[in-house]
Amino acid sequence: MSEEIISPENAETSGNFIHTFIEEDIAPGGRYEGKKVHTRFPPEPNGYLHIGHAKAICVDFGTAERFNGLCNLRMDDTNPTKEDVEFVDAIKEDIQWLGFSWDDRFYYASDYFPKMYELAEDLIQRGLAYVCELQPAQMREYRGDLTHPAKSPYRDRPVEESLDLFHRMKAGEFEDGRMTLRAKIDLASGNFNMRDPVIYRINHIPHHRTGNTWCIYPMYDFAQPIEDAIEGITHSLCTLEFEAHRPLYDWVIEHVNLPAKPRQIEFARLGINNTVMSKRKLRTLVENNYVSGWDDPRMPTLCGLRRRGYTPASIRNFCERIGVAKVNSTVDYAFLEHCLREDLNANARRAMAVLDPVKLVLTNYPEDKTETFDVENNPEKPEVGTRPVSFSRELWIEREDFMEVPAKKYFRLFPGNEVRLKTAYIVKCTGCEKDENGNVTTVYAEYDPQSRGGNAPDGRKVKSTIHWVDAKTAVNAEVRLYDSLFTVPDPEAGDYIDELNPDSLKVLKNSKVEPWLAEAGKNESFQFLRQGYFCADNRDSSPEHPVFNRSVSLKDSFKKK
RNA sequence: UGCGGAAUUGUGUAAAGGUAGCACAACAGACUCUGACUCUGUAUGUGAGGGUUCGAAUCCUUCUUCCGCAACCA
């Protein structure tokens, strides 16, 4: 598939408000005049990346790329409760798969723990932070509300006392939750984040990297600006829900002794209809076996989309084209599918595969004869050549390509009608055979030997071309058809579990495919003629019985009529 | 009710006082050895009211609606 990098020159969107801000910042007289733009993508390693993260990745790495700057990858591992190395590796793999590179700029927030501790001490010494002994429930009680300021009884604790307690917190003298370190800011602020926020908490849990070295951990609001400043980040791009945290971000930048002054800019996170994007909800789906795993092809995770047949280029293109703004919005799933179709249509190899097979017998074709046709691999791309496909008296065709009594406007196979077998011959239907239940078991036709290659010498036109697989050489395959996981446009609105689509997966175990498809590479996508795009799935298939996941179906204008 | 954001066709996104454009979706037609693709065309939009201006999506003003925030999560 195409791995072409989408550069600003060939991107459809001209720019966004973030670009405008940055342009101002680096312009003469701007805040970062003459500085290289430096961004970062800071995932918490507590789960798998999904399409929503892909947008953030494209914004972070893409913005840096646009300004010829740099983008760091940083694991924001400040809360050991939920984090694990498993996720670190998966995250790196997914970002690489998308085609972004952080070179040697891979960091862990946990590497800055000593520095952060030092900076916290310094804050205490300058009377800007204090140790608080309010218990969580009390803290809530004392926080005040919309119109009443918070109360904080430990706020005026002497510096030496706070320092001593903070040291003892670090030394492990206190159990979890016993005390916290709080920044002394403004108890009456309308912004709750400024009402003396907790910046360090006690947590006696081994950290996936630092082990038991620490039992106190910095909070996001304290850690993030420090991490950014240490790494020389100029623009800290994050999602809208952190907008109310920006004053605190700036407070830390202002009051902590740091080597740089990054600027936080927020943008809207991605929403897609008929999908849930919350990590917690995705986790529930996995843990309760509603799906086969994080990489279930129905999942919006990057590993799921990959198994589904999504290409990196299609996802990047999607992220590029949905734009970046400050309005919360919900993009149509159809647009994601469109981006995939666009890429696959241009680049995927074509193959003939019969999903729901019925036998077609050419009564006037010699029983022992086999011939070979060279079939184009991609009509949009002649340079990828052709492949040999065998043809003989008995073929598999799609059950839906025959109707004993044709519907109106149906122009495939029915008694008396002619169709073209892709690249091979024009055949005329003569009848069919049915079992006791009335199901068609065999379709009969006569081929026109004069039409070899698919065109009749008399120039007569046939209205339809159907695909086929030689019964002599066909390989049996399993084909999985996926539909939306949810039945409603906005599963986030209700109890999303109640909205699961029971028909989101349909398995066809009897499909017939061209034999070479048995060796298809993992995650390679093909277009099965008139059936849609399919991705070879090696995860649970063998060459004798390959498995294909449908990436996305073709638009079918016949069905609409 | 406090603070902070945001409102452009069904959806997403452009237009830094000067033709409201693009993409997806929808519909109609043409083409076709994939009823796909491609191509052509159609319909639908500046949340509301006032103001400034020759001219307003854009500036001012009042209102309305929506989103986020009161974790020792990020």
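Chain letters run A, B, ... following the sequence lines, proteins first and then strands; every chain starts at 1.
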Any donor-acceptor N/O pair under 3.5 Å between B:rA36 base and A:H467 side chain: no
Spell out yes or no: do the side chain of A:R412 and the base of B:rG35 have one donor N/O and one acceptor N/O closer than 3.5 Å? yes
5'-most contact on RNA chain B: A:E380 or A:V324, nearest heavy atom basis? A:V324
Judged by each residue's nearest nucleotide on RNA chain B, which is more toward the 5′ side, A:Q135 or A:N378?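 Looking at the nearest nucleotide for each, A:N378 comes out on the 5' side.
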Only pairs with both distances under 3.5 Å count, Watson-Crick or wobble alike; so what is the partner of [N] in this structure?
{"N": "B:rU52", "answer": "none"}
{"N": "B:rC37", "answer": "none"}
{"N": "B:rC3", "answer": "B:rG68"}
{"N": "B:rG21", "answer": "B:rU13"}

NA contact type, [X], heavy-atom cut-off 4.0 Å: base, sugar-phosphate, or nothing?
{"X": "A:T81", "result": "nothing"}
{"X": "A:V462", "result": "nothing"}
{"X": "A:T147", "result": "sugar-phosphate"}
{"X": "A:P379", "result": "base"}
{"X": "A:F174", "result": "nothing"}
{"X": "A:M139", "result": "base"}

Is a side-chain donor-acceptor pair under 3.5 Å present for [Y] with [X]?
{"X": "A:Q264", "Y": "A:Y249", "value": "no"}
{"X": "A:D60", "Y": "A:T39", "value": "no"}
{"X": "A:D196", "Y": "A:Y130", "value": "yes"}
{"X": "A:D356", "Y": "A:S511", "value": "no"}
{"X": "A:E86", "Y": "A:H208", "value": "no"}

Minimum-distance nucleotide to [X] side chain [options: [options]]:
{"X": "A:F411", "options": "B:rU1, B:rG35, B:rC73", "value": "B:rG35"}
{"X": "A:A325", "options": "B:rG35, B:rU13, B:rA23", "value": "B:rU13"}
{"X": "A:F558", "options": "B:rG35, B:rA25, B:rG5", "value": "B:rG35"}
{"X": "A:M219", "options": "B:rA71, B:rG12, B:rC24", "value": "B:rA71"}
{"X": "A:D332", "options": "B:rA71, B:rC24, B:rU13", "value": "B:rC24"}

[X] [atom1] to [N] [atom2], straight-line distance once rounded to whole Å:
{"X": "A:R201", "N": "B:rA71", "atom1": "CZ", "atom2": "C1'", "result": "10 Å"}
{"X": "A:K326", "N": "B:rC67", "atom1": "NZ", "atom2": "P", "result": "17 Å"}
{"X": "A:F534", "N": "B:rU34", "atom1": "CZ", "atom2": "P", "result": "18 Å"}

Indicate syn or anti for B:rA14, taking the glycosidic torsion and treating anything within 90° of 0 as syn. anti
Rounded to the nearest 0.5 Å, what's the gap from CG on A:N79 to CG on A:N203? Could you check? 6.0 Å
